[in-house]
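Worksheet: the structure to be examined is printed underneath.
Numbers restart at 1 for each chain; the letters A, B, ... are given by sequence-line order, proteins then strands.
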Amino acid sequence: MPLLELDNFVSGYGDAVVIDGMNLAINEHEGLSVLGRNGVGKTTLMLSIMGHARHVGGSLRWNGDDLGHVPAYRRARLGLGWVPQERDIFPSLTVEENLLVAGRSGRFDLEAIYRLFPRLRQRRSNMGGKLSGGEQQMLAIGRTLMTNPKLLLLDEPFEGLAPVIVEELEETLQRLRREEGFATIIVEQRAEDALRLSDRAIVLDRGRVVLEGSSQELLADFGRVQEWIAV
Amino acid sequence: MSFAIETRDLTLRFGSFTAVNAVSLQVRKGARHAIIGPNGAGKTSLVHALTGSIPSTSGRVFISGRDMTGSSQRARVRSGLTRTFQINQLFPKLTVLDNVCMAILEREQRSKVFWTSMAAERSVLEEGRELLELAQLGPQADKVVASLPYGMRRLVEIAIALATRPDIIVLDEPAAGVPTTQSEAIFERIAALPRDLTLLFVEHNMNLVFRFAERITVLAEGAIMTEGTPAEISKDERVREVYLGRGGHHAAA
Amino acid sequence: MTQKYDLRVALPILIALALAAYFLFPGYLGLFSTIFIVATFALSYDLLQGYAGIVSLGHAVFFGIGAYTVAILGGAGITDPILTLLAGLMINAAVAGLLARIVVTGNDFTRLLVTLGVGFLFFEAANQAHWLTGGADGLASFTVGEIFGVFRFDMWGRTAFFYTLAILVIVYLAVWRITTSPFGLALRGIRENTTRMHAIGSPVSRHMAVTYVLSGGLAGLAGAALAQTSNFASLDMLGFERSADVVVMTALGGTGSIPGVVLGATIFTWFKDMLSAISPRYWHLGIGLFLMASVFVLPDGLAGIPARVQRWLRRRSS
Amino acid sequence: ADDKVVVGVVLPLSGAFADQGSHYETGMRLYQKVHGTKVAGKEVELVVRDDQGPGSGDLARRLTQELILRNGANIILGYSFTPNAMSVATLLTEAKIPAIIVNAATSSITTKSDYFTRVSMTLSQVTYTLGKWAASNGIGSAYTIVSDYAPGIDAETWFTKGFTEGGGKVLGSDRTPVAATEYGPFLQRAIEAKPGAIFAFNPGGDVSIAFMKQSGERLKGTGIKLMVTGDVVDDNLLPAMGSAVQDVISAWHYQEDVDTPENKAFLEAFRADHEGAPSYRVLQGYDGMDMIYKALEETGGDVSADALMSRFKGMKLASPRGPILIEPDTRDITQNIYIRKGEFVDGKGSNNTIAVVDMVRDPAK
Amino acid sequence: MNLTSLLTVVVDGVAYGMLLFLFSIGLSITLGLMRFVNLAHGAFAMCGGYILVVLTGRLGIPFLLVLPIAFLLTGAIGIALERTLIRHVYRKPELQHVLFSIGLAFAAGAVANIIFGPQQQPIALPGWATQRVEFLGVVTSGYRLFIMASGVVALLALLLLINRTLFGARIRAAVDNRVTAEGIGINVSGLFAAAFGLGAAFAGLGGALAVGFLGLDPSFPLKYLVLVLMVVAIGGPGSVGGSFIAAIFLGLADSLFKYLLPEVGGFVIYTILVLAMVFMPYGLARRGA
Ligand SMILES: Nc1ncnc2c1ncn2[C@@H]1O[C@H](COP(=O)(O)OP(=O)(O)OP(=O)(O)O)[C@@H](O)[C@H]1O
Ligand SMILES: Nc1ncnc2c1ncn2[C@@H]1O[C@H](COP(=O)(O)OP(=O)(O)OP(=O)(O)O)[C@@H](O)[C@H]1O
Ligand SMILES: CC(C)C[C@H](N)C(=O)O
Ligand SMILES: [Mg+2]
Ligand SMILES: [Mg+2]
């Protein structure tokens, strides 16, 4: 049974439909890239999975259970972890508080996060809002890891990070998938980097999947991807 | 020769934490100069201290040869130094035209005029439109900023800075959050600015840095680690270790 | 577009309604004058809060000083209404200029409390300066002259009606002009993004201080007009309740909208008057429920009604 | 309509002073219940408006104006607070409408318009009398604590005048913020001065309850007497003050224990549908109506201002509080001032008369 | 002036400060932590007051038993209001909070007026409370001592709750960004209901304790609003410790000035307020947000 399954899923905001009939399944250990131009609905897909957009039709299942009416915070407790595009650090909490409020028992605790991002340990009592751009990005990822999710939704996670950090993070994510059965969905602007990281990829346009395949295939035939993502 | 920007032992502390540590930086007139360095190295803080957004703790700042150390941000803008922001700082509910006119009005000292109509500011409005044409935002002039896609908002960020008619412009991660294709377009537009305009920029996208910078300063833990041409920097072992990583980068052709 | 609407549509409607009311409800002229004065005061506050984003819980200080100016000058034999009205404006602008420094620094929350504190200090000072202000007894025995030496303030309130309406229209125009000027654009900039204003070299504190001075001066006109038309000045005119009322009225009308605020002041004042006549003891219940309901029914204030109607019409037609 | 007399009533009926206002109205309604709503063949109608308390002189003025112009009020009865009464002076003069002040106690109000008269008291009348009485009854020195606003200053001035004229010595005078509910430090200062008595005035309601409770605690065992004006220990507030009223000396123009037949009737009528003791304010509302009825009886229903004013001037009434006289020259009230002593017996407080000063004229005029 | 008098005045000041603390701490929770501009704080306090009056006065339930009842009952009323109305107001601009909560305060006062009448309520304090207590010449009352003890207990309880658990941090997180907070598993609406209930409950307790000093009538909800706002502002909104220090400081300053320099009495606390806000814009707790 897939971990997460979208079946003819439709969602949006108010009257507007953004995700327009999506079929998607993701299994344990799997890494999926979501590609597409600005505004095609990548973030909306994440928000819909988390329960923050308006569910219009179709179904969304987690381990076979329908998530349709499950409130957002419960989805998070079920094992969905989401790193928002805008980082959305809690500015009036310290770095450590930002991590602690998310904490649920599991592999990642404060210590594990600090090991992953030593920079955060140094700034642990800084206010979240006063961090540098990249530090905020690390904190956003760390905070979500603190919830020990089974499926990690990453919306442009490498934005503003130093190249070394990106490398390290990529490795960590790969290892988690291999060793812990994590699944990841990554939205990324740098399509080639994203494909190198994932097993499978989908390309969105106007709320629909227009291209789908294993990452290797798509990398090999990158021109077809380019068609859909170039401006 | 005199520098567009020169700092001597510039230091900025937040409480007991030193974000910028005795930085002595020199940027020549007309330079295309990049600052790179690990997250939290103090790049944005250096920009704050340079532009006076946050007063520096000690050290001196010279702008076009003039000592501006204690001056307000306003005074520095008036002497030709303008910045953009890592995270957009726009007037989201106003039109794109109003966004740039705001800066023109300040430059022309017209912003204190409360007794005549904005519509009467013909020359300001005209200049605003011209500038937007130049920034390829012409068709967007009368749209509300909040309704623009992210990439275009990034351009407005730069357009506002240009509206102050700066001699020196400091860009903090101008390409952040913009898709690759668009970020290159943004940089090309920046590169096309007049050569006598001094350009100092912070950026994490190494493709862009190595393509557009003529000189690179590497900042780590608040201090300058090294400085050099793109070729020199890409070869530097220490820079690779703390910043570039194994993948490394080469100066673009 | 809305700016033209404020001038070419809303203002003529306002004047026409006022004149119609004059003939239709001659027994209510006193209430109308009060409404015009309160609306004038609300506009002065809207300039401050709705446009410069400076929240204040002490705006009545200027209202009160305006009133006292008239009363004290009147007691000293300076009775020409236009003269004392202008004196109210100037003195308030000066006082606002002195206070601007401490008000402008800080953030929203501290401004709220600084203005609150300053308001109470003025109140206490006026209470103590019995020799000047009459303390808690107020000032009642001063003369108010005739306007242009011709129009006497009569007890039916006819002169007062036209006089206060004229002041409202003038302040309406003044606020409209200020907010549509280059300075007005800068104020919107400050409200939307102060960080950026600093970065383009805008003298943010100075702009805010100037707004405070303008707003204080205009509030003084309202206070002066009240003292002239009611031949009375007292402590409450600079008291906390009047400050709080003006915040409520402005919010009710829709901050940042000139006609909205006039409407907010009108409805609030009228509604209070009506309820308190119906039930002098329990009308607080009505006003309380009204305010609570307004939050749900009118989330953008009265000024938001046209937009809502438009949206509704569009939805129906589509 | 010719068969109707409209009495415009302006009182604080909402907010912090709603309690005060409701008492006057109770008194007015009570009068009509006892004496009917008709006098001299005319129906007397009350039109009641809320002036919200001392904070709104301009509102009081507008309400008065509306009562006159819109409701056709022939006479106004109301004003609990001095500024509100002050604000209507010029209006009354211009409109030629008489007004009976139901409470506001600053002496000078009645000089501001020839159409004012008063059914309550003046603070000078009460405090001057108290000062005199204290000096000649064994109290050699005093310390004054008054609320820092116009009536408080009136009280301080006239108490001091009466007290020193009688040979007493004022050792110190403090003025307290009007809304203060914490009096410990002031009491401490007074205690240190070691006076024979403390004289206090404050604006009634919660403030006076707080003051009384705290002075009750503090003055116990110090031998210092407490003297106040009667509104501070209004009969109506005594249940909320508990034992603090014990031994407190006060001066006022009315309390429950006044021994007149009129008072018996008044109390009986009051108790028919109210609990506890009436506030002096109820009486003032009641007597205000009495003045109107008596005047209308005498004019035979003529409501013209001159006719009414001429009846008010020199009017003598047998009020529940004892005889009262409206002075023909000042239009202000002359009446008995009672010196009372507080007692707390069986969980119930009361103000008991220990001396009567007959027919006191306002000393300020 | 002598030492025992001065000490008496200091004790007065501390007691008054504790009263201010108890009275305002509920607002520090709703305004400071939840950023809900709750000008109806006084209405909840009034609610506690009337519960005290009715239960002790009319039903004869012992004072000490009534206090926890006032706490819980007011808290329950707070939660009920939160669930039905107030939760829809959080996300609106602050001015709308002002309109709503001022409206609520007005309405609550009017309802109290209709039910209980406009008069001051008699408050029956137990015998030990009105007892005069003298210690080394310093005079105070049983009630003041009780208030001081209650203040310390409330301070410790709240410090434990907010600093030792993540309760406070979670609320701040949810206020900063509701969507993200839910995204990491915080049950925001439940948390807000609990926090609002807690604020209301403390308002109810503070009100029940305060009416013995301040009296009680239907105008109560707005009468002490300014004082309470001042304590919260000077203390730094959301900071329990800050509010405590601010309250004690204001109480002491008020007392000492009344005692030593009564002429300036009316100006003192407002001067403190203005100076504090100009020089310490984030209050005593320097948690700038
Ligand atoms: N809160 C919202 N209300 C209404 N429409 C929205 C909202 N958020 C996004 N949209 C619209 O939904 C569409 C999809 O937006 P979304 O943010 O999902 O795009 P995206 O693919 O993540 O783009 P980007 O690459 O810029 O992050 C866009 O047209 C956008 O304007
Ligand atoms: N206002 C502040 N108060 C305290 N610390 C701060 C403040 N602003 C920045 N810092 C700290 O100073 C350090 C430098 O921050 P800065 O934003 O300059 O980094 P940066 O080099 O721009 O990093 P990035 O590449 O991630 O944007 C960071 O560790 C940050 O946490
Ligand atoms: C003694 C009080 C009844 C005086 C009244 N408050 C007034 O303003 O005159
Ligand atoms: Mg997106
Ligand atoms: Mg940075």
Inset, instruction - Please examine the side chains of Phe213(E) and Lys213(D), heavy atoms only from C-beta on, and report whether any two atoms are closer than 4.5 Å. - result: no
Legend entry - Step-by-step salt bridge (charged side-chain N to carboxylate O under 4.0 Å, His left out) determination, Lys223(E) to Asp206(D): CA-CA 11 Å; Lys223(E) 213 170 350 186; Asp206(D) 54 345; 2.7 Å; yes
Legend entry - Side chain, backbone, both or neither of Tyr224(E) within contact of chain D (heavy atoms, under 4.5 Å): side chain
Legend entry - Pro218(E) portion near chain D, given a 4.5 angstrom heavy-atom threshold: neither
Inset, instruction - Would you give the length of the straight line joining atom CG of Leu6(E) to atom CD of Gln188(D), rounded to the nearest 0.5 angstrom? - result: 9.5 Å
Inset, instruction - Hey, could you give me the OG/OH distance between Ser255(E) and Tyr183(D), rounded to the nearest 0.5 Å? - result: 13.0 Å
Inset, instruction - Below 4.5 Å from any heavy atom of chain E, which atoms of Ala244(D) appear? Answer side chain, backbone, both or neither. - result: neither
Legend entry - Gap separating the NZ atom of Lys220(D) from the OG1 atom of Thr130(E), nearest 0.5 angstrom: 6.5 Å
Legend entry - Contact check, side chains of Glu217(D) and Val133(E), non-hydrogen atoms, under 4.5 Å: no
Inset, instruction - Flag the pair Gln119(E) / Leu237(D) as yes when at least one side-chain heavy-atom distance between them is below 4.5 Å, and no otherwise. - result: no
Legend entry - Among Ser141(E), Gly109(E), Gly117(E), residue most engaged with chain D (heavy-atom pairs, under 4.5 Å): Ser141(E)
Legend entry - For the student: nearest non-hydrogen atoms of Pro118(E) and Asp19(D), plus distance: O-CB, 3.4 Å
Legend entry - Heavy-atom contact with chain E under 4.5 Å, split by part of Asp148(D): neither
Inset, instruction - Using non-hydrogen atoms and a 4.5 Å limit, figure out which bit of Gln131(E) sits close to chain D: side chain, backbone, both or neither. - result: neither
Legend entry - Under-4.0 Å salt bridge between Glu182(D) and Arg144(E): yes
Legend entry - Under 3.5 Å: donor-acceptor pair, side chain of Arg175(D), backbone of Glu263(E): no
Legend entry - Val9(E) portion near chain D, given a 4.5 angstrom heavy-atom threshold: side chain
Legend entry - Nearest-0.5 Å distance, OG1 of residue Thr181(D) to CG of residue Leu227(E): 7.5 Å
Legend entry - Any Asp12(E) side-chain heavy atom under 4.5 Å of Pro185(D) side chain: yes
Legend entry - Closest-packed option against chain D by number of heavy-atom pairs under 4.5 Å, given Gly215(E), Gly57(E), Pro122(E): Pro122(E)
Legend entry - CG-CD distance between Asp234(D) and Gln120(E), expressed to the nearest 0.5 angstrom: 11.5 Å
Legend entry - Heavy atoms of other groups near Tyr50(E) OH, more than 12 under 6.0 Å: yes
